[in-house]
Amino acid sequence: MSDLLWWVFASLAIGGGLGMVTRKNPIASLLFLVLTFFSLAALYVLLGAHFIAAIQVIVYAGAIMVLFLFVIMLLNLGHDYRPDVRGGAWIVAGFATAGLTGWLLTRVLTTEGAVVAQGGELEIAAAVREWNAVGAIALPLFRDYLVPFELTSVLLLVAIIGAVLLAKRRV
Amino acid sequence: MLTRSLVLSAILFGLGVAGVVVRRNAIILFMCIELMLNAVNLAFVALSRAAGIEGQIFVFFVMTVAAAEAAVGLAIIISIFRHAETVDMKNFNLLRW
Amino acid sequence: MEHAGFRPVLLGLIVLLPLAGFVINGAVALLAPARKRIVTWAGPGVLALAFALALVNFFGMLGVELEQAIVRDYWSWMPVGNLEVAAALQLDQLSMLMTLIVTGVSFVIHVYSVGYMGDDPGYARYFAYLNLFVFFMLVLVLGANFPVMFVGWEGVGLCSYLLIGFWFRDREKADAGKKAFIVNRIGDLGFMVAMLLLFTNLGSLDFEEVFRAAPATLAYGGALVTTITLFLFLGATGKSAQIPLYIWLPDAMAGPTPVSALIHAATMVTAGVYMVARTGVLFALAPVSMIVVAGIGALTALFAATIGLAQYDIKKVLAYSTVSQLGYMFLAVGVGAFGTGMFHLMTHAFFKALLFRGSGAVIHAVHGAFHHTHKEWDPQDMRNMGGLRHYLPLTWIVMWIGTLAISGVWPFAGFFSKDEIIWQAAARAVGPFAPWFTAFWAMAIAAAVLTAFYMTRLMIMTFHGEIRCGAAECTHLHEVPAVMSLPLVVLAGLSTVGGWVNMPHAIAELPVLGWLPSAEWIHAWLEPAVRPAEAILGPRLGALNEAAPLGGGEAFWAAVAFALAVVVIGVGSSVVLRWKYRPALESLEPVGLKKVLYRKWYVDEAYETLIVRPVVATSRALWRLVDEALIDNVLVNGAGYTSRAFGWAGSRLQTGQLNTYAFAVVLGALILLGFMLL
Amino acid sequence: MQALLDAIGYSTWVVHFLVFFPTAGMLLVLLGAENRAKHVAFWIALLEFVVSVPLWFSFNTASGSFQFAGQADWIPAWGVHYAVGIDGIGLLLVLLTTFLAPLTILGSFRYIDRREKAFYAMMLLLQTGILGVFVALDLFLFFVFWEVMLVPMYFIIGVWGGERRIYAAIKFFLYTALGSLLMLVAILYLFFKYRALTGNVSFGYFELLQVPLTFREQFWLFAAFALAFAIKVPVFPFHTWLPDAHVEAPTPGSVVLAAVLLKLGAFGFLRFLLPFFPQAATDSRIVLLLLVLGLIGIIYAAWVAAVQPDAKKLVAYTSVAHMGFVVLGIFALTQQGVQGAMLVMLSHGASTGALFLLVGMLYERRHTRLSGDFGGLGAVMPAFATIFMITALTSIGLPGTSGFVGEFLSLLGTFQTHPWVAMLGATGVIFAAYYMLPMVQRIWFNEIDRPENRELPDLSRRELAVLVPLVVIMLWMGVYPKPFLERSEVTVAELLERVEARRISTPSLLATFAAPPAGAAERAGD
């Protein structure tokens, strides 16, 4: 059953990606991207990372895509879009590298010795049982990875200031 | 399950790359980058099933970076747009010497 | 080395006097060109002193039997390693004779020039150059080693360059000077290479040592001595205007006439003959070179005589006559009769200087006449003259004496010296090269006939026949002033008496011609100087044959030559009288063989197209192609351009498009991945 | 005279004075007023010459070793010492430099009109650089002076030059700098090999002279040094910087460039190539190559010079031809050859220096260098014409002038080892007339066809004061070259002897037959 579901959502994700890359209208491609995000969230659930799936839906699909939509609307790009695909040579080059990247990554990732550790799944299950789904993630996050966490908050602060400064109308 | 997810993330990543290279519209470019980042997240989550919870924690960090990047990027695009009335990357060649 | 009581008196002073004259006149020319009085006294005065000193030395030397040349070392010039060259002068019979001729003829010509150049603004400069020329000529003649002789050799070339191009304002005259210098320089190259050969093989460049070591070290007739002598002869042809390098002498007539008389007739051109006589020992060792010298001499004599037939410019005729007579001298020297060669050199100096000055007087008079009536005719072209004997009687007589002398008519100098050369050519035709010498003998006789004819043609066209220079001008024709006519008379006397000095015995017995005492003085005088060369030649040649190839002794052939000359002059004058000439401007271009001769067998044009033009063309090509294009642009700037090209290629990568950078990043990542995998 | 010199210890401080006094002078000029600059510079150069004259007399002609030597440590860590000394070859070239300096400066009074202070400062700095090279006895010091000399020359051409001066200056600088870089590599190679073998460090001339080298090493080091010097000489393929640099340089610049800078290359041949790499320097193939290049230089430069419309470029090409004779003389490796080369260098310094000054004076009068623009000046300026004629004749080597003696001796020397090369080289004598006489005729003879040529002023007293000493030198060296030959005879003889000796046996490191300068004086005995 879960395999079937996985294939459905996997194909949805790839379709969304393709749609996003090929649509001329930015809004259409944005919506296709949102579709990909939802299918990914579903995949996360299948992979047992429920909290991550939730976060994915809230943060990505919700916040970032809305931001994109807002910017598209703000810049009034929705309608008189011209075909903005680069020259033929570039298309070929683009998809060639894409294919190559994909192939190489699959080779890297799927070689036997690539994944060393085993049994991660059981460990997660034990953690969830002990501190429910959110705690399983929160505990290591705030104990082992506290410093990176604080750094990301600083990063976000900087991003906010930068965004405000850049986008502010010159008075 | 694990390997299939990794293959899927590789494919998605490839798609993102194609988009970045091919498309000239700045917004679409950003979306492709977001897609690439998500492909990475998928890989993380898939691997967390094998290598433990750390995978999922990293997803958090990736997300914050993605958000920050999107915000700043879009701000840049707006300021460029205000200046050059277009988002078509062909005209942004200030880098050229 | 003092010998039998003879000590050269102030030898250095003879040479320094003309140099002093040059300095004085040079100073006057630069600082106060108007002060002609100083120059008039300084120029000829210096020469008078030098001539007097020469005479003193000559008489001192007369009685003494001098085996070895007396050498005076003044200072060590080039002491480098085993090369020891001293600035040294040497006096022996040969150089004494030459010094006498040089100082004597120059003195007379200086006096003559006072009149000729009297009204020329460059008066002081002219005399400065003339004195400098005499200085260099004396250095050449009195030099005791090859480099000092070479100083005189090129110095003389320089002075002829300065004097030919004296009126440098006129482009064509300046070109003639340049041509003379460059052609001389080609000859001097030969001289220099000979010096290099001599030093490398004999270890010294002093005459004494070279001529003492030569017979021992250089194999008789060997390749080495032949190359040395041929290079020396190349130098001689350059200086004495023989076949390959004679082209500069006719153009040298662009200089003032006294210059032509002194330099291009009497002294400088004879330097080549003197040099061959001086290095007689080397030439004696190389029979092949002797043949070449004699051959070229005979060939030049004949060739130049043919050209002389068709020239209209009076000085050009005399110029080709000089080239021809020099050919005779080289024939004599080439045959081994050094004494005879020098004898002809002396007599030629007298009558050729006389002929040039005579023609100078004619030109001077005609130029004055045309000047008065502002007629734009060429004063040197014989077609504008004719019948001048009524107006210039003295010059007419004097010129006839000169013509008779050069044609070899009995009492005059030319008869004795030229016929003796012809006889020597016949007499020495022994041994393996006999047929060659007989050929040269025949050519010499043919040249003699031609000489007689073109001189008669010159005389008739100028002095006889109807007057072609226009009635109005003739009233202004008058004899030259005393200062110019006196030297003419002196030289006329010398031309007559000059020959008797060396009357051969054979001619002395002849009935009608033999009343004069037989002297053979020149041979006796030069005998010690020529002895080493004779010592080598004598045994090689063996007995000289008594009869000429076609039979008959020396006296017989002298009489034949004399008769031939008289006949040619008589017939020639009547023939030329009948030829009608129109003044130069109206007369039509010569045609057929006459045109070829008039155009000097197109030799000048041949040299121009075969040598001058290709050299200039290659120079230009070398400059444009090799220097600028190849080395400069391709290599030097090329390096610059290639680095810029790389720079440009690099800049093309920075398109400024974000995508390309992204693509580059991805590409980099891919390559990295690729490596990780493989 | 000698007593007086010994009293003031002349031989100890003279070389240091000669090298560094111009630099002091330069500071003086820079501090002084703009219009006084030229006079101050002239007096400094004159004083420099006056101080250098006793060198001529007190030089001991019997000994070939380095005299007036002095030594002090400069950078002890690397074994670099400030060692100077003068031998037969160096003496003549030092005197040529100090003799020409005041004349050049005097000759440039009217020519240089803007930024005079800087110009004269550059000239004096150039003086220091050149003298430093001639006297340096330490390879490091030699290289420093070699580069120091380049900088002022670059500015002289670049700032006060003609239209294409920037191109010419950069080309000159790059050409020479490229060459000297390779030389630096060779010097360092020697240095490190010396250190490897002996353990102590030194750049001294005599220490590095003893480094034993295989033929392959000698060949490559020879090539490196030879390239640097061949560019400077200039030898045929590397000469294209010369015409540009000369045409574009201001007159005093091109005088110093032609009269002295070209000699540095030839000096380098004698001071470094022959002693350091005898096997390579006497190898028949290399010698033949260099002789052929010299030969091409003579004939090629003469032919190209003949068709130059620009008088200055013509004179520049004649310098290439003259230096061809120097190369011929040096690589004949015979006594006459090398001494002939020395004389050609001196006579070329005087005659070409004078020629450039004369062309410069013509330029000052008519502001054109094309010989075609003149014509018939002989009547207008007789004194100018006479001096020009004398200089031109010296340049083409008329016997009786210095040109002939030098060329004759070097041809004589070359003839003993390579007859054919000498014979072809001798044809250079004809081509000399082929390029000089037409130029002289175009300027001085022919009719005066341009009105502005009619009333050109003749030589002023200042110009005469510049030219007469040069003419005197030309005639003196032509008529009585003995003193010049004497001074370099023993040094050249010993140089050739040493090259011959070392050609057969490479020196064992400890054989100190060439002791350092301090001991050099008494070694003269053998």
Side-chain angles (χ1 to χ4, degrees), chain A residues 6 10 13-14 17-18 20-21 26 29-30 33 36-37 40 43-44 47-49 52 55 59 63-64 67-68 71-72 75 77 84-86 90-91 93-95 97-99 101-102 105-106 109-110 115 117-118 120-121 123-124 127 136-137 140-141 145 148 152 155-156 159 162-163 166-167, chain B residues 1-8 10-19 21-25 27-28 30-32 34-35 38 41-43 45-57 59-61 63-72 74-79 81-82 87-88:
Chain A
W6 190 87
I14 291 174
L18 265 177
M20 188 272 286
V21 169
S29 60
L30 184 121
L33 190 57
T36 316
F37 285 163
L40 275 176
L43 283 171
Y44 291 157
L47 286 168
I52 298 297
I55 296 295
V59 169
I64 297 179
L67 178 68
F68 271 90
V71 165
I72 292 174
L75 304 184
L77 294 175
D84 69 339
V85 181
R86 290 164 66 93
W90 281 106
I91 293 174
F95 281 100
T97 38
T101 332
L105 278 175
T106 43
L109 294 176
T110 54
V115 181
Q118 281 308 337
E121 209 173 343
E123 183 193 315
I124 293 172
I137 293 175
L141 183 64
Y145 295 91
T152 45
L155 172 73
L156 281 177
L166 277 171
Chain B
M1 187 61 133
L2 172 67
T3 51
R4 270 180 292 146
S5 307
L6 291 178
V7 166
L8 177 63
I11 292 165
L12 285 179
F13 187 84
L15 272 175
V17 161
V21 169
V22 170
R23 296 300 295 264
R24 267 215 304 275
N25 181 333
I27 308 286
I28 306 288
F30 272 86
M31 286 190 212
C32 296
E34 290 307 325
L35 179 63
N38 271 310
N41 282 353
L42 175 63
V45 169
L47 286 167
S48 72
R49 281 172 59 79
I53 203 72
E54 285 75 13
Q56 298 186 3
I57 292 163
V59 166
F60 266 95
F61 297 136
M63 274 192 195
T64 44
V65 164
E69 176 261 340
V72 171
L74 290 176
I76 292 172
I77 288 175
I78 291 167
S79 61
F81 185 82
R82 179 176 301 123
V87 275
D88 186 340

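Residue numbering restarts at 1 for every chain, and letters A, B, ... go by the order of the sequence lines. It should be emphasised that the depicted structure is a prediction, and the values quoted were computed from it without experimental measurement.
When each of B:L74, B:L42, B:N38 is scored by its heavy-atom pairs under 4.5 Å with chain A, the top score falls to B:N38. Of the residues considered (A:T97, A:I52, A:L156), A:I52 shows the highest number of contacts with chain B, using heavy-atom pairs under 4.5 Å. If you tally non-hydrogen atom pairs under 4.5 Å between each of B:L15, B:V17, B:V72 and chain A, the highest count goes to B:L15. Taking chain B as the reference chain and counting heavy-atom pairs below 4.5 Å, the highest number among A:V59, A:I137, A:L141 is found for A:I137.
Contact record, A:A159 with B:A68: CB-CB, 3.5 Å, taken as the closest heavy-atom pair. Between A:G17 and B:L35 the shortest heavy-atom distance is CA-CD2, 4.2 Å. Contact between A:P140 and B:I57 at its shortest, heavy atoms only, is CB-CD1, 3.5 Å. Summarising the geometry of B:M31 relative to A:P26, their closest heavy-atom pair is CE-O, 3.8 Å, with the distance given to 0.1 Å. Across every non-hydrogen atom of A:A98 and B:G14, the tightest pair is CB-O, 3.2 Å. Listed here is the closest heavy atom pair of A:A13 and B:L12: O-CD2, 4.0 Å.
Note that the CG atom of B:N41 and the CZ atom of A:F37 stand 9.0 Å from one another [nearest 0.5 Å]. Distance check, rounded to the nearest 0.5 Å: CG of A:L30 to CZ of B:F30 gives 14.0 Å. Rounded to the nearest 0.5 angstrom, B:I28 CD1 and A:I72 CD1 are separated by 6.5 Å. Atom OG1 of residue A:T101 and atom CD1 of residue B:I11 lie 12.0 Å apart, to the nearest 0.5 angstrom.
The contact between A:L47 and chain B is made by backbone and side chain atoms together, counting heavy-atom distances below 4.5 Å. Heavy atoms of A:I64 lying under 4.5 Å from chain B belong exclusively to its side chain. Only the side chain of A:T36 has a heavy atom closer than 4.5 Å to any heavy atom of chain B. With a 4.5 angstrom heavy-atom cutoff, A:I14 touches chain B via backbone and side-chain atoms both. In this structure, chain B has heavy atoms under 4.5 Å from both the backbone and the side chain of A:I55.
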Candidate pair A:V21 and B:V22, rule side chain to side chain contact (heavy atoms under 4.5 Å, CB included), full reasoning: CA-CA 9 Å; A:V21 169; B:V22 170; 5.7 Å; no
A:Y44 and B:Q56: CA distance, side-chain angles, deciding distance, side chain to side chain contact (heavy atoms under 4.5 Å, CB included) verdict: CA-CA 10 Å; A:Y44 291 157; B:Q56 298 186 3; over 6 Å; no
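Using a 4.5 Å cut-off on side-chain heavy atoms (C-beta onward), A:L155 and B:V65 make contact. Put simply, the side chain of B:V21 does not reach to within 4.5 Å of the side chain of A:F95, judged on heavy atoms. At least one side-chain heavy atom of B:F61 sits less than 4.5 Å from a side-chain heavy atom of A:Y145. Within the 4.5 Å cutoff, no side-chain heavy atoms of A:P148 are placed close to those of B:F60.
Counting only distance, with no hydrogens or angles, the side chain of B:R49 and the backbone of A:A49 share no donor-acceptor pair below 3.5 Å.
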